[in-house]
Amino acid sequence: MSNTTTSLASKRIMSLLDENSFVEIGAGVKARNTDFNMAETATPSDGVITGYGVIDGNLVYVYSQDVSVLNGTIGEMHAKKIANLYDLAMKTGAPVIGLLDCVGFRLQEATDALNAFGEIYQKQAMASGVIPQITGVFGVCGGGLAVSCAMTDFTFMSTKDAQLFVNSPNAIEGNYEEKCDTSSAQYQSEQTGLVDVTGDEDQILAKIRELICMLPANNEDDASYEECTDDLNRVCENLAGCAGDTALALAQISDNHVFFQVKENYAKDMVTGFIKLNGITVGAVANRSEVYDMDGNKVEEFDGCLTSRGCRKAAQFVRFCDAFSIPVLTLTNVTGYSAGKCSERTIGESVAKLTYAFAEATVPKVNVIVGKAFGNAYVTMNSKALGADLVYAWKDAQIGMMDAKLAAKIMYNGSDMKTINEKASEYAKLQSSVESAAARGYVDTIIDPQDTRKYLISAFELLFAKREDRPAKKHETV
């Protein structure tokens with residue numbers, strides 16, 4: 001048996017929300033089905049607690065599945081309670097947070113449960129881009145519920161007991177859980193990219209609170225901002241050394257070094273997350289060629305190319321930011337496209353999605369070139385040609401078609417090394433230098449790395465009231 005004062009589901013809600021702020025809705029709802037001895041089974045709240053409360057003063061709607069009621073299975077009324085919660089959230093313009101712990105659909109209710117859950121899909125589709133949707137996975141989340149999870153904007157997953165899968169690991173031919181646990185938090189965060197943040201239960205709930213405080217309540221919010229307590233003119237003295245690991249660079253730039261990274265374990269060559277600049281939430285996308293641990297040791301290294309996974313990760317993030325009018329910052333340091341037989345299967349489509357995401361976005365867009373910006377990969381990374389409002393470049397940046405020496409070897413094939421070196425030097429000056437790009441208007445200002453924060457704060461203040469139209473159409477096809 002379960003009640004809202006003792007169940008694990010309710011304790012998660014209480015831990016998530018501000019103290020004494022939760023108001024339950026639909027506490028008296030029970031299962032209607034009487035088949036297969038259901039009439040004799042108690043189903044308090046039909047296995048899901050729904051209601052609303054606040055997180056640091058921000059209104060949110062929450063549903064939490066109660067595994068103590070028929071193992072948290074989803075029945076007709078269970079699903080309808082969630083659908084009704086979405087209706088309220090859409091009417092009032094507030095995020096929906098789902099705390100998932102469920103073994104699947106309730107077999108006793110069959111098509112009634114399936115139809116009702118289909119209504120949740122419909123509500124999620126209508127809410128997408130209108131209100132933020134967040135899910136936290138604390139137990140089993142399989143089959144159709146995993147699809148629902150994927151339809152939300154951000155997914156958090158416990159590393160202890162949570163399982164997330166469309167097909168159970170043991171149901172996959174040639175696989176078994178001990179060999180490759182495709183339902184684990186590690187697999188779902190590192191391999192599929194479905195999970196944004198992992199940790200224990202307390203960490204997950206704390207991170208959801210943190211994210212809610214950085215996001216607008218809905219797509220009509222002017223901005224998600226707070227009073228800035230950091231120095232607006234703060235100099236970032238060691239920023240130039242972070243050109244490789246741009247996650248560190250973003251943390252240095254942000255107010256009070258706040259950086260909420262999403263999909264941290266997936267496609268690590270591309271960094272995505274939220275920072276604060278003068279109290280305003282800004283979505284950040286950055287290429288990364290190095291990863292350092294907390295002790296300053298280099299633990300991973302990449303070749304500086306755009307990958308399929310990195311492009312899909314960034315494209316999804318940019319589209320979220322644009323939907324909720326969150327300004328976008330990019331730190332560009334890219335040399336080309338990832339090359340390989342496996343990569344070639346998907347790289348074209350993935351790059352196209354990222355290119356389209358930047359080109360379509362009408363929010364303020366600022367690009368900082370912090371290293372190399374070569375070839376079409378540079379164009380894809382929020383270049384001036386794709387509509388970046390302001391483009392800055394560090395004074396040692398390189399912008400052009402390709403590495404100067406490689407270009408010289410191609411143009412002067414068969415020449416001696418002295419000639420190639422001379423032409424490479426000439427090419428670097430005329431075609432690959434940051435001064436050359438600035439002379440052509442592709443870079444607005446060449447800046448010292450340590451002044452990046454000051455320039456970005458000024459840029460986003462300038463662009464705060466930006467308005468930009470796009471051709472009228474039903475939706476894109478990219």
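This one's a predicted model, so the numbers in the text were calculated from it and none came from an experiment.
Summarising the geometry of Ala286 relative to Leu250, their closest heavy-atom pair is CB-CD1, 4.3 Å, with the distance given to 0.1 Å. Among all heavy-atom pairs drawn from Ala323 and Asn219, the shortest one is O-CB, 3.5 Å. Between Met157 and Ser183, the closest heavy-atom pair is CE-O, 3.2 Å. Across Gln133 and Gln124, no two heavy atoms sit closer than the pair NE2-O, 3.2 Å. Contact record, Asn333 with Asn287: N-OD1, 2.9 Å, taken as the closest heavy-atom pair.
Using a 4.5 Å cut-off on side-chain heavy atoms (C-beta onward), Phe156 and Lys207 make contact. With contacts defined as side-chain heavy-atom distances shorter than 4.5 Å, the pair Asn265/Thr198 qualifies. Contact annotation: the side chain of Cys242 approaches that of Gln252 to within less than 4.5 Å [non-hydrogen atoms, C-beta and beyond]. Put simply, the side chain of Phe138 reaches to within 4.5 Å of the side chain of Leu205, judged on heavy atoms. Side chains of Ile208 and Leu16 form a contact here, defined as non-hydrogen atoms less than 4.5 Å apart. Counting heavy atoms from C-beta on, the side chains of Leu145 and Leu100 come closer than 4.5 Å. Within the 4.5 Å cutoff, the side chain of Ile253 has heavy atoms near those of the Leu277 side chain. Put simply, the side chain of Ile212 reaches to within 4.5 Å of the side chain of Ile134, judged on heavy atoms.
At least one donor-acceptor pair closer than 3.5 Å links the side chain of Asp322 to the backbone N or O of Thr362. Judged by distance alone, with hydrogens and angles left aside, the side-chain atoms of Asn58 form no donor-acceptor pair with the main-chain N or O of Val54 at under 3.5 Å. No donor-acceptor distance shorter than 3.5 angstrom exists from the side chain of Asp444 to the backbone of Tyr392, with no hydrogens or angles considered. One N or O on the side chain of Lys365 and one on the backbone of Phe358 form a donor-acceptor pair closer than 3.5 Å. Using a distance-only test at 3.5 Å, with no hydrogens or angles considered, a donor-acceptor pair links the side chain of Gln188 to the main chain of Thr182. A donor-acceptor pair under 3.5 Å is formed between the side chain of Ser254 and the backbone N or O of Lys276. Put simply, the side chain of Tyr455 never gets that close to the backbone of Pro449: no donor and acceptor are under 3.5 Å apart. Side-chain atoms of Thr155 never come within 3.5 Å of backbone atoms of Val195 as a donor-acceptor pair (strictly under, hydrogens ignored). Under a 3.5 Å cut-off, the side chain of Arg470 and the backbone N or O of Ala361 do form a donor-acceptor pair. Checking side-chain atoms of Thr281 against main-chain N and O of Leu215 turns up no donor-acceptor pair under 3.5 Å.
Atom CE in Met270 sits 5.0 Å away from atom SG in Cys311 (nearest 0.5 Å). The distance from the OG1 atom of Thr111 to the CD atom of Glu76 is 9.5 Å, given to the nearest 0.5 Å. Atom-to-atom distance recorded for Thr73:OG1 and Gln65:CD is 9.5 Å, nearest 0.5 angstrom. Distance CG/Asn218 to OG/Ser325: 9.5 Å, rounded to 0.5 Å. Once rounded to the nearest 0.5 Å, the distance linking CE of Met151 with CD1 of Ile120 reads 10.5 Å. Atoms SG and CG, from Cys236 and Asn238 in turn, are 9.0 Å apart once rounded to the nearest 0.5 Å.
One side chain, Thr92 or Tyr61, offers a donor N or O that lies under 3.5 Å from an acceptor on the other. With no hydrogens or angles considered, no side-chain donor-acceptor pair links Gln191 and Tyr266 at under 3.5 Å. Checked by atom type, the side-chain pair Asn256/Thr229 shows a donor-acceptor distance below 3.5 Å. No side-chain donor-acceptor contact under 3.5 Å links Thr50 and Glu24.
The pair Asp230-Arg453 counts as a salt bridge, with a side-chain nitrogen and a carboxylate oxygen less than 4.0 angstrom apart. Salt bridge Lys466/Asp389: present, at least one basic N to carboxylate O contact under 4.0 Å. Salt bridge Lys268/Glu300: present, at least one basic N to carboxylate O contact under 4.0 Å. Of the charged side-chain nitrogens involved, none lies within less than 4.0 Å of a carboxylate oxygen, so that Glu349 and Arg312 do not count as a salt-bridged pair. The pair Lys263-Asp196 meets the salt-bridge criterion, since a charged nitrogen lies less than 4.0 angstrom from a carboxylate oxygen. Between Lys160 and Asp200 there is no salt bridge, since none of the side-chain N atoms of the basic residue sits less than 4.0 Å from a carboxylate O of the acidic one. Remark: Asp231 does not engage Lys454 in a salt bridge, criterion side-chain N to carboxylate O under 4.0 Å.
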> Does the side-chain contact (heavy atoms from CB on, under 4.5 Å) test come out yes or no for Phe259 and Val271, once each step is laid out?
Replying inline: CA-CA 11 Å; Phe259 177 40; Val271 177; 3.6 Å; yes
> Where do Tyr121 and Phe117 land on the ring-ring contact (aromatic ring centres under 6.0 Å, His included) test, with the steps shown first?
Replying inline: CA-CA 7 Å; Tyr121 290 156; Phe117 201 78; 5.1 Å; yes
> Passes side chain to side chain donor-acceptor pair (under 3.5 Å), Thr380 versus Thr355? Steps please.
Replying inline: CA-CA 5 Å; Thr380 293; Thr355 303; 3.1 Å; yes
> Yes or no on side-chain contact (heavy atoms from CB on, under 4.5 Å) for Thr332 and Asn382, after CA distance, side-chain angles and deciding distance?
Replying inline: CA-CA 8 Å; Thr332 299; Asn382 192 28; 5.7 Å; no
>> Show, in sequence, the C-alpha distance, side-chain angles and deciding distance for Arg209 and Asp18, and conclude whether the salt bridge (charged side-chain N to carboxylate O under 4.0 Å, His left out) test is met.
In response: CA-CA 10 Å; Arg209 286 181 58 89; Asp18 293 353; 3.1 Å; yes
>> Under the criterion salt bridge (charged side-chain N to carboxylate O under 4.0 Å, His left out), I'd like the reasoning laid out for Arg12 against Glu201: C-alpha separation, chi angles, the key distance, then a yes or no.
In response: CA-CA 9 Å; Arg12 288 172 179 151; Glu201 186 161 320; 3.1 Å; yes
>> Checking Leu354 against Val285 for the side-chain contact (heavy atoms from CB on, under 4.5 Å) test, could you report, in this order, the C-alpha distance in whole Å, the side-chain angles of both residues, the deciding distance, and whether it holds?
In response: CA-CA 11 Å; Leu354 180 56; Val285 176; 5.6 Å; no
>> Go through it in stages, so that I can follow the logic: the residues are Trp394 and Ile369, the test is side-chain contact (heavy atoms from CB on, under 4.5 Å), and I'd like the CA-CA distance, side-chain angles, deciding distance and then a yes or no.
In response: CA-CA 6 Å; Trp394 288 359; Ile369 301 171; over 6 Å; no
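The environment of Gln186 atom CD is sparse: at most 12 non-hydrogen atoms of other residues, nucleotides or ligands sit within 6.0 angstrom.
The side-chain tip of Lys81 does not point at the ring of Tyr63 from less than 6.0 angstrom away and within 45° of straight on.
The six-membered or imidazole ring of Phe274 lies near that of Phe317, with a centre-to-centre distance under 6.0 Å. Side-chain rings of Phe154 and Phe320 approach one another, their centers coming within less than 6.0 Å.
Arg288 pairs with exactly one of Asp269, Thr246, Asp245 by the side chain to side chain donor-acceptor pair (under 3.5 Å) rule, that one being Asp245. Residue Ile97 forms a side chain to side chain contact (heavy atoms under 4.5 Å, CB included) with just one option from Val60, Leu85, Thr152, and that option is Val60.
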